[in-house]
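Since the model is a prediction, treat every value here as computed from it, not as a measurement.
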Amino acid sequence: MKKSVLATLALSAGLVGGLISTQSASAKTTYVSAMPKAFRHTWYRGNQALRFTAHTWANGVKGQKFAYVAKFKKVIRFKIKGGYEYIPAVNADVPAFVVKHNHLYAKNQQDGWDRYHR
């Protein structure tokens with residue numbers, strides 16, 4: 001009996017926490033029709049290359065054909081402290097992107113930022 005009450009409380013606390021975080025995130029989220037013009041370049045980091053156009057995102061190795069090309073119609077824009085984060089609306093794990101001081105920053109899996117240059 002005691003375990004079921006604790007499990008119910010934990011489940012309800014998790015649901016309420018999820019609803020609260022979803023509402024606050026959606027209040028700062030908007031959709032943009034294409035990638036902003038500041039992103040539409042080929043960006044390099046070591047031997048990696050990223051290319052953005054208005055509706056495509058390509059990833060590959062420098063000097064070779066791009067291996068991964070994703071097409072999208074909308075871009076999700078999040079408001080953050082220093083500006084905006086942009087995420088292409090693709091059905092895959094896509095990092096957030098920020099352009100600051102003529103560099104592209106892509107969020108990596110360890111919640112750090114990878115820096116790309118033009």
Validation row: Trp57, Met35 side chains within 4.5 angstrom (heavy atoms): no
Side chain proximity check, Trp113 to Val98, heavy atoms < 4.5 angstrom: yes
NZ or CZ of Lys62 within 45° of Tyr44 ring axis and under 6.0 Å: yes
Lys/Arg cation over aromatic Phe97: Lys107, 6.0 Å, 45° cone: no
Shortest non-hydrogen contact from [X] to [Y]?
X	Y	result
Lys100	Tyr105	O-CE1, 3.8 Å
Ala38	Val99	O-CG2, 4.2 Å
Ala49	Asn59	O-OD1, 3.3 Å
Phe72	Ala89	CB-O, 3.7 Å
Ile87	Ala96	CG1-CA, 3.6 Å
Pro95	Pro88	O-CD, 4.5 Å

Say whether [X] and [Y] are linked into one hydrophobic cluster, either directly or through other cluster members, by side-chain heavy-atom distances under 4.5 angstrom.
X	Y	answer
Trp43	Val69	no
Tyr68	Val75	yes
Phe66	Tyr116	no

Other residues, nucleotides, ligands: >12 heavy atoms within 6.0 Å of Asn108 CG: yes
Heavy atoms from other residues, nucleotides or ligands near NZ of Lys71 exceed 12 (cutoff 6.0 Å): no
Rounded distance [0.5 Å steps], NE2 in His117 versus CZ in Arg45: 10.0 Å
Nearest-0.5 Å distance, NE2 of residue His103 to CG of residue Asp114: 13.0 Å
Intermediate values then yes/no, side chain to side chain contact (heavy atoms under 4.5 Å, CB included), Leu104 and Phe52: CA-CA 11 Å; Leu104 175 80; Phe52 286 102; 4.0 Å; yes
